[in-house]
Amino acid sequence: MKRKLCITALVIVFYCLQTTFCKTIAIASVSPNIMILIPICFGYFKGKDEGIFAGCVTGLMYDIFYTSVFGFSILAFTYVGYIAGLFQKEFDQKRMIIPMIITAMASFCYDFLIYIGGFLLFNKLDVIFYVVRIIIPGMMYTLAAMAVLFRPMYFLSGIFEKKDRRKVTEYVSGN
């Protein structure tokens with residue numbers, strides 16, 4: 001329960017950063033999508049279940065305040081958390097290469113789906129312009145944010161892990 005509250009608090013903190021700090025560092029009105037990093041990190045560090053929960057909470061916050069289509073971000077971020085959770089036990093969690101690849105793919109796919117839902121369906125067919133001017137710079141900016149925020153997220157994950165181990169030890173020993 002505490003972990004879920006901590007994830008929710010972290011989502012709120014990242015949302016505040018997304019709406020304030022990331023908007024001020026935007027280049028050519030492209031800013032990093034740091035909200036997508038939460039389900040990636042929690043899925044990669046803790047597994048599919050944590051990734052799905054983090055993605056659901058992050059997507060809910062994103063849908064409430066950012067998008068006009070409710071449920072799209074919840075679904076997308078939940079899938080991102082699930083996919084990141086598939087790699088939890090397969091690779092060394094201190095290495096950044098797998099989360100960076102997942103971040104690049106998730107950012108590109110999410111922004112491309114936004115293009116399809118928000119522009120292509122309204123007969124704005126300049127896909128090359130949108131990919132070159134918005135999707136790829138946004139993906140690179142999100143990758144840079146992942147490079148900066150990976151270690152703090154790994155540290156937070158370690159704090160949660162220590163608390164969980166302590167609870168299991170107390171439960172097993174009967175204290």
Side-chain angles (χ1 to χ4, degrees), residues 1 3-88 98-122 124 127 130-131 133-150 152-154 156-157 160:
M1 184 65 178
R3 181 186 304 237
K4 300 212 185 298
L5 290 174
C6 289
I7 290 173
T8 306
L10 190 65
V11 167
I12 292 169
V13 167
F14 269 54
Y15 172 75
C16 291
L17 286 173
Q18 177 89 19
T19 57
T20 56
F21 181 70
C22 290
K23 295 297 180 190
T24 60
I25 62 170
I27 298 173
S29 66
V30 174
S31 62
N33 183 3
I34 63 170
M35 297 284 283
I36 204 166
L37 303 180
I38 296 171
I40 291 171
C41 287
F42 276 96
Y44 186 67
F45 296 142
K46 298 296 176 193
K48 294 182 279 190
D49 294 336
E50 290 292 326
I52 289 171
F53 177 76
C56 186
V57 172
T58 305
L60 178 66
M61 180 73 94
Y62 208 88
D63 275 341
I64 289 173
F65 294 109
Y66 268 123
T67 61
S68 59
V69 179
F70 189 78
F72 173 73
S73 295
I74 294 173
L75 185 64
F77 286 3
T78 302
Y79 277 125
V80 166
Y82 175 77
I83 291 169
L86 292 175
F87 295 99
Q88 179 207 11
I98 298 299
M100 293 294 271
I101 292 170
I102 295 170
T103 301
M105 292 173 44
S107 179
F108 185 86
C109 291
Y110 182 74
D111 287 340
F112 193 74
L113 288 173
I114 287 176
Y115 166 74
I116 290 173
F119 296 100
L120 189 64
L121 294 177
F122 293 106
K124 295 181 181 178
V127 68
Y130 194 79
V131 167
R133 295 287 179 131
I134 305 230
I135 294 177
I136 292 178
M139 179 184 73
M140 300 308 270
Y141 221 176
T142 304
L143 281 172
M146 178 61 146
V148 170
L149 294 173
F150 181 79
M153 295 290 279
Y154 183 74
L156 282 174
S157 173
F160 291 149

Query raised in the report: Are Phe150 and Phe45 close enough that their ring centres sit under 6.0 Å apart?
Result: yes

**Report entry** Phe72 ring center within less than 6.0 Å of Tyr110 ring center
**Finding:** yes

So which atom in [X] and which in [Y] form the shortest heavy-atom distance, rounded to 0.1 Å?
{"X": "Gln88", "Y": "Gly43", "value": "CB-O, 4.0 Å"}
{"X": "Ala54", "Y": "Thr58", "value": "O-OG1, 2.6 Å"}
{"X": "Ile40", "Y": "Pro99", "value": "CG2-O, 4.2 Å"}
{"X": "Thr103", "Y": "Met146", "value": "OG1-CE, 3.5 Å"}
{"X": "Ala84", "Y": "Pro39", "value": "CB-O, 4.1 Å"}
{"X": "Leu143", "Y": "Met100", "value": "CD2-O, 3.2 Å"}

Query raised in the report: Is the count of non-hydrogen atoms from other residues, nucleotides or ligands lying under 6.0 Å from Phe21 atom CZ greater than 12?
Result: no

Query raised in the report: How about Phe112: does its CZ atom have over 12 heavy atoms from other parts shown lying under 6.0 Å from it?
Result: no

Atom [atom1] of [X] and atom [atom2] of [Y]: how far apart are they, to the nearest 0.5 Å?
{"X": "Ile52", "Y": "Thr78", "atom1": "CD1", "atom2": "OG1", "result": "7.5 Å"}
{"X": "Cys22", "Y": "Tyr141", "atom1": "SG", "atom2": "OH", "result": "8.0 Å"}
{"X": "Leu149", "Y": "Leu17", "atom1": "CG", "atom2": "CG", "result": "8.0 Å"}
{"X": "Cys56", "Y": "Met61", "atom1": "SG", "atom2": "CE", "result": "12.5 Å"}
{"X": "Leu10", "Y": "Tyr15", "atom1": "CG", "atom2": "OH", "result": "15.5 Å"}
{"X": "Tyr130", "Y": "Ile116", "atom1": "OH", "atom2": "CD1", "result": "10.5 Å"}

Report task. Could I get the full list of ring pair (Phe, Tyr, Trp, His ring centres under 6.0 Å) partners for Phe70, not counting sequence neighbours? Result -> none

Query raised in the report: Heavy atoms, side chains only, cut-off 4.5 Å: are Phe53 and Thr8 in contact?
Result: yes

**Report entry** Whether Asp111 side chain and Ile134 backbone form a donor-acceptor pair below 3.5 Å
**Finding:** no

**Report entry** Donor-acceptor under 3.5 Å (Gln18 side chain, Pro32 main chain)
**Finding:** yes

Query raised in the report: Taking it one step at a time, do Arg133 and Val30 satisfy side-chain contact (heavy atoms from CB on, under 4.5 Å)?
Result: CA-CA 9 Å; Arg133 295 287 179 131; Val30 174; over 6 Å; no

**Report entry** Parallel, tilted or perpendicular: ring planes of Tyr62 versus Tyr66, cut at 30 and 60 degrees
**Finding:** tilted

Query raised in the report: If you measure only the distance, is there a donor-acceptor pair under 3.5 Å linking the side chains of Asn33 and Thr142?
Result: no

Query raised in the report: So Lys48 and Ile83, side-chain contact (heavy atoms from CB on, under 4.5 Å) or not? Walk me through it.
Result: CA-CA 7 Å; Lys48 294 182 279 190; Ile83 291 169; over 6 Å; no

